[in-house]
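In the text below, chain A, chain B and the rest are named by the order of the sequence lines, each starting its count at 1.
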Protein chains: 2
Amino acid sequence: MEQAAEQGGGLVSSTVGAITRLIREQDLMPGDRLPSEATLARDLQVSRTVVREAFRSLAAMRIIELSTGRRATVAPIDHGAMSLIIEHGVHTDQISIQQIYDVRRTIETRIVTLAALRRTEDEARIITDEAAAMRASLTRPEVLMRHDLAFHMALARASKNPVFGLIVGAFQGITSQTWPIGWRSRTTTEAREAMIVNHERIAAAIAEGDPERAVAAMALHFDESVRALISAGLT
Amino acid sequence: MEQAAEQGGGLVSSTVGAITRLIREQDLMPGDRLPSEATLARDLQVSRTVVREAFRSLAAMRIIELSTGRRATVAPIDHGAMSLIIEHGVHTDQISIQQIYDVRRTIETRIVTLAALRRTEDEARIITDEAAAMRASLTRPEVLMRHDLAFHMALARASKNPVFGLIVGAFQGITSQTWPIGWRSRTTTEAREAMIVNHERIAAAIAEGDPERAVAAMALHFDESVRALISAGLT
DNA sequence: ACTCCAAAGCTGTAATACAGGTTGGCATTC
DNA sequence: GAATGCCAACCTGTATTACAGCTTTGGAGT
């Protein structure tokens with residue numbers, strides 16, 4: 001499928017393909033070092049300029065990591081690039097916030113089912129702690145938001161499927177930009193309390209290993225969140 | 001020289017940030033043209049080299065499109081970059097094929113529900129046609145696979161939520177690499193027939209606007225597919 | 001108005017230069 | 001022999017110049 005991408009006709013595109021192939025053929029794992037720019041330029045018969053631009057492309061997708069003076073290394077999977085792609089889609093009106101929430105609901109409903117069944121004791125504690133930290137930071141929205149995001153990432157991790165983490169992470173960029181809107185629309189103490197309670201309920205269900213209750217609590221959470229966003233006049 | 005709080009200290013990273021900000025602030029939409037490399041280099045006080053590498057980064061994520069002689073343009077959302085990210089995760093053993101299928105099942109189960117409710121007549125016809133095309137190409141695996149992939153993309157489109165299309169598309173790169181394995185493991189006529197029938201059942205349920213039957217058919221489809229991959233010895 | 005073409009503008013690639021960070025090995029010391 | 005400190009080689013980040021080839025633009029001619 002990267003054949004299509006590297007067919008662009010440019011030297012850079014085909015160099016990206018060559019480097020990708022090199023990673024696969026040599027079975028390089030995250031952390032392994034790639035050849036230097038000069039070496040690749042010589043081996044592939046292109047200028048260092050071309051190799052550098054190819055490296056930048058791969059680094060943008062977090063397939064490799066670059067840092068000054070050091071060789072490029074193969075990167076661990078990371079949702080940073082996906083996050084930017086989603087943000088771009090939203091900012092150019094190709095994706096709405098509601099559509100993001102529809103997908104999140106689908107994904108996270110499945111996540112809590114798996115998390116309830118597979119979470120370790122440690123993970124259950126982390127999830128519970130994040131919910132508690134949310135309650136403790138009711139007066140500091142930025143801190144509260146950070147714990148909210150961390151809560152959902154912890155759930156994804158407990159599902160034991162890294163792809164869920166990737167997708168949840170991909171939405172965090174845009175979510176962190178819209179979260180304050182939802183928060184400000186919760187004007188009453190009750191509304192804010194309800195949001196916290198939903199998270200605590202989810203955490204409790206995960207801790208008890210009860211998938212049905214976890215799903216039900218997550219559904220309530222999304223109902224409440226979407227209601228908050230709509231009442232703020234979002235799409 | 002602006003030191004954006006964005007990424008690591010590099011000039012390229014902050015230039016990427018500056019260009020992204022420019023797209024947002026000027027509210028550029030897909031197809032709109034960006035300033036030339038030389039203009040940006042002058043405005044941002046960096047060399048053309050830096051601007052080019054920033055452009056490459058954004059192009060890798062399909063946030064902008066580059067082509068010779070022409071100005072860079074803002075790009076429509078596209079799953080190409082995500083596809084490469086997923087492939088990288090699988091090739092470096094950070095993601096397993098089974099995990100991909102778990103996520104696909106979750107996503108596509110939701111997709112068929114929405115598709116059954118929201119599909120237009122045209123979309124219903126396209127979906128049915130792709131299923132028919134699959135049956136018609138039983139002896140040509142490459143063609144059959146193409147229609148299989150197109151079938152699932154058509155379902156995603158009918159869900160009327162572009163994010164589902166993005167995710168399904170993100171999996172197509174790696175799917176097209178593993179599909180032949182599953183196909184070869186279906187050695188009997190019955191097994192191959194069963195696979196086609198599952199697709200036809202899904203198409204029929206969508207055409208009739210019956211979400212429950214569509215979900216049930218999709219579940220059968222995934223049960224059968226995963227069984228085929230496991231019998232082929234895949235993780 | 002319309003067509004066609006040449007000039008101007010733009011991107012793709014190469015080559016060179018140098019500053020500053022990193023690495024590995026060597027010498028020194030304990 | 002092990003730990004430490006230091007230096008030279010290597011590597012990446014950025015700037016600059018040059019030129020080929022493609023695209024767009026604006027004007028000349030009809």
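- Using a 4.0 Å cut-off on heavy atoms, none of the residues of residues 25-34 of chain B approach DNA chain C.
- The structure places CD1 of B/I63 at 6.0 Å from NE2 of A/H88, a figure rounded to the nearest 0.5 Å.
- Residues forming a side-chain contact (heavy atoms from CB on, under 4.5 Å) with B/E65 (at least two apart in sequence, or on another chain): B/T73, B/A75, B/P76.
- B/R56 places its CZ atom 10 Å from the C1' atom of C/dT13, with the value rounded to the nearest Å.
- For A/R56, the side-chain hydrogen bond (donor to acceptor under 3.5 Å, both in side chains) partners two or more places apart in sequence, or in a different chain, are B/E53.
- We find that CD of B/E53 is positioned 10 Å from C1' of D/dT12, with the value rounded to whole Å.
- Separating the CD atom of A/E37 from the P atom of C/dA15 is a distance of 15 Å, rounded to the nearest angstrom.
- A straight line from CZ of B/F55 to P of C/dC10 spans 12 Å, rounded to a whole angstrom.
- Scanning for side-chain hydrogen bond (donor to acceptor under 3.5 Å, both in side chains) contacts around A/D27 gives an empty result, with sequence neighbours left out.
- For the pair A/E123 and A/R118, the minimum side-chain heavy-atom distance is 4.5 Å or more.
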Please list, one pair per line, the donor and acceptor atoms closer than 3.5 Å that link side chains of residues 148-157 of chain B to other protein atoms, with sequence neighbours excluded.
unit_1: B/D148; atom_1: OD1; unit_2: B/H152; atom_2: NE2; d: 3.2
unit_1: B/D148; atom_1: OD1; unit_2: B/H199; atom_2: NE2; d: 3.1
unit_1: B/D148; atom_1: OD2; unit_2: B/W179; atom_2: NE1; d: 2.9
unit_1: B/H152; atom_1: ND1; unit_2: B/E108; atom_2: OE1; d: 2.6
unit_1: B/H152; atom_1: NE2; unit_2: B/H199; atom_2: NE2; d: 3.4
unit_1: B/H152; atom_1: NE2; unit_2: B/H221; atom_2: NE2; d: 3.3

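- For the pair B/R104 and B/Y101, the cation-pi criterion (under 6.0 Å, within 45° of the ring axis) is fulfilled.
- Listed by chain and number, the residues in a side-chain contact (heavy atoms from CB on, under 4.5 Å) with B/R140 are B/S137, B/E142, B/V143 (sequence neighbours excluded).
- The CG atom of B/L40 sits 15 Å away from the C1' atom of C/dG9 (whole-angstrom rounding).
- Using a 4.0 Å cut-off on heavy atoms, the residues of residues 44-52 of chain A that approach DNA chain C are A/V46, A/S47, A/R48, A/T49, A/V50, listed by number.
- Residues satisfying the side-chain contact (heavy atoms from CB on, under 4.5 Å) test with A/S96, not counting sequence neighbours, are A/Q98, A/Q99, A/T235.
- Considering only residues two or more places apart in sequence or on other chains, A/R42 meets the side-chain hydrogen bond (donor to acceptor under 3.5 Å, both in side chains) condition with none of them.
- Following rounding to the nearest Å, B/R42 (CZ) and C/dC10 (C1') show an atom-to-atom distance of 14 Å.
- Taking CZ of A/R135 as the start and CE of A/M195 as the end, the distance is 12.0 Å to the nearest 0.5 Å.
- Against DNA chain D, the stretch residues 65-76 of chain B makes heavy-atom approaches under 4.0 Å through B/T68, B/G69, B/R70.
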- Message: Show, in sequence, the C-alpha distance, side-chain angles and deciding distance for A/D102 and A/R105, and conclude whether the salt bridge (Lys or Arg N to Asp or Glu O under 4.0 Å) test is met.
- Response: CA-CA 5 Å; A/D102 282 353; A/R105 181 199 295 264; 5.2 Å; no
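- For B/T39, the side-chain hydrogen bond (donor to acceptor under 3.5 Å, both in side chains) partners at least two apart in sequence or on another chain are B/S36.
- An angle of 10°, rounded to 10°, separates the two end axes of the helix from C/dA1-D/dT30 to C/dC30-D/dG1, each defined over five pairs.
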